[in-house]
Enquirer: 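First the structure, then my questions, so here it is.
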Amino acid sequence: VHVVRLGRPSGGGDGWGGDLLLREDYPDEIEVDATALGNVVPIFLLRLATFIRWHVAQGRSVVLKWPADPLVGAHLSRMRLADCLPPESIRGFDGEVPPADNVVLPITQISKPTEIDALADPLLDVVTGHAGSGAALGPAFHMAVSELCGNAVEHGANPTGAFVTAQRYEGPPRLSLAIADLGVGIPEHVRQQFPEWHDDAGAIANATHERVSGTGSPERGFGFAEIFREALATAMNAAEMNIRSCRGHVTIRATDDRVVPAGWATPYKRGSWISYELVAAR
Amino acid sequence: VVFELSAYGTAFSTRTLGAKLLSELIESAERQSIVVVDFSGVRMVSYSFADEFVGGLASLWESSELPFAPTLSNVSDDPQRIIRRSLANRSVDERILAAPSG
């Protein structure tokens, strides 16, 4: 049995703690011991869900030991992590799902455009129906979910599909969105049209510019730019996106009408992993 | 003929849906001279949907590939802002956003 132990800080920070590796050479049985797990950010939730689903799809048996901290367990329950496994494969989970609280979108698997369109109306209801200035983030949030999920399903197509989740924070109002797919990755996708872009971080940064697309269509390649344009359409909103794909990591900050990307090399990651924070004007 | 977009939802996301609705619109407009696309009740469109549906429609009209004149009505501020950007990126005239002359 291969045991993955998740410590208290594994799911916090940038969400990249914990050895949740997608390795072909793992034994047939995997145990994910999350009993000590502390607070988790959305992109970590997707890493955990993807780790479980991917290994199960490879034919492995995965057992999840539920967090001992009741607040952490309640959050994972609200985010529907338990749906990733049959009930008999989860230890220490009472099956209760507390009220949605700050959940905007629990962990959701998508593999077809129709599934993205089906999310549009209910998600906009959740975001705009919430009291406070966070409701003003509705248009920018809709744009981000639509464009990022569309990219994941179309350009990141793979047998496991894509995963998306979102949650809301208060003071100042903030929406946190995470999207992951195990497709070819953004650098490989854009290299279909720009094979000279060898550096993965550079290829990702370039992919966020207007009219850059792996499809070769002159009408494509506006999604990322439109996400930031919409984020800044309401004065003083701010946004930050982290894109990790293959051996590249790019951070894009949009504030005060400026969109500033920065990129660097990281250890290889299969597929594309995007976290997006949208903060309302104070 | 009036094509009521709200019959399909109030928020629209994907290019796939944009392409599907554009096909349905063209089909429903057979032997019509004017088609009004009514955006009443539509809260949000993504750039991809707007570009595929409205941008695609406007491009076909500009290249004289439509047997009818399309126009949009009751487009609220949020969708209109995004539609204008799609038309600008395609270098297509914004006349589709103008009220029909009758």
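Letters go in sequence order (proteins before strands), and every chain restarts at 1.
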Enquirer: When you compare the side chain of A/Arg220 with that of B/Asp51, does any pair of heavy atoms fall below 4.5 Å?
Expert: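 Answer no - side chains too far apart.
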Enquirer: Does B/Arg85 pair with A/Glu230 as a salt bridge, N-O distance under 4.0 Å?
Expert: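 So B/Arg85 pairs with A/Glu230 through a salt bridge.
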Enquirer: Give a yes or no on whether the backbone of B/Thr10 and the side-chain of A/Asp121 come within a donor-acceptor separation of less than 3.5 Å.
Expert: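 Present.
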Enquirer: Is A/Asp117 salt-bridged to B/Lys20, going by a charged N under 4.0 Å from an acidic O?
Expert: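 No.
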Enquirer: Is A/Arg253 atom CZ crowded by more than 12 heavy atoms from other residues, nucleotides or ligands, each under 6.0 Å away?
Expert: no
Enquirer: If you measure from CZ on B/Arg15 to OG on A/Ser146, what distance do you get to the nearest 0.5 Å?
Expert: 12.0 Å
Enquirer: Would you give the length of the straight line joining atom CE of A/Met143 to atom OG of B/Ser13, rounded to the nearest 0.5 angstrom?
Expert: 10.0 Å
Enquirer: Between A/Arg211 (side chain only) and B/Asn89 (backbone N and O only), is there a donor and an acceptor less than 3.5 Å apart?
Expert: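 Such a contact is found between A/Arg211 side chain and B/Asn89 backbone.
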Enquirer: Could you check whether any side-chain heavy atom of B/Met44 comes within less than 4.5 Å of a side-chain heavy atom of A/Thr128, counting everything from C-beta outward?
Expert: no
Enquirer: Is it true that a side-chain atom of A/His142 and a backbone atom of B/Phe12 form a donor plus acceptor pair closer than 3.5 Å?
Expert: yes
Enquirer: Within this structure, what is the OG1-CD1 distance for the pair B/Thr16 and A/Ile116, rounded to the nearest 0.5 Å?
Expert: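 B/Thr16 atom OG1 to A/Ile116 atom CD1 measures 7.5 Å (nearest 0.5 Å).
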Enquirer: For atom CD of B/Glu27, decide whether the heavy atoms of other residues, nucleotides or ligands shown that lie under 6.0 angstrom number more than 12.
Expert: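 No, the 6.0 Å shell around CD holds no more than 12 heavy atoms from other groups.
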Enquirer: Grab the two heavy atoms, one from A/Pro113 and one from B/Thr14, that are nearest each other, plus how far apart they are.
Expert: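 Between these two residues, the closest heavy atoms are O-CG2, 3.7 Å.
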Enquirer: What part of A/Glu147 gets closer than 4.5 Å to chain B, counting heavy atoms only: side chain, backbone, both or neither?
Expert: side chain
Enquirer: Look up atom OG in B/Ser48 and atom CD in A/Glu219, then write down how far apart they are to the nearest 0.5 Å.
Expert: 12.0 Å
Enquirer: Under 6.0 Å from the CZ atom of A/Arg270, do we count more than 12 heavy atoms belonging to anything else shown?
Expert: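 It does: A/Arg270 CZ has more than 12 such atoms within range.
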Enquirer: Show the nearest heavy-atom pair for residues A/Ala120 and B/Ala11, with the distance to one decimal.
Expert: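 Scanning both residues completely, I find the closest heavy atoms to be CB-O, 3.5 Å.
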Enquirer: Sort A/Asn151 into side chain, backbone, both or neither according to what part of it lies under 4.5 angstrom from a heavy atom of chain B.
Expert: neither
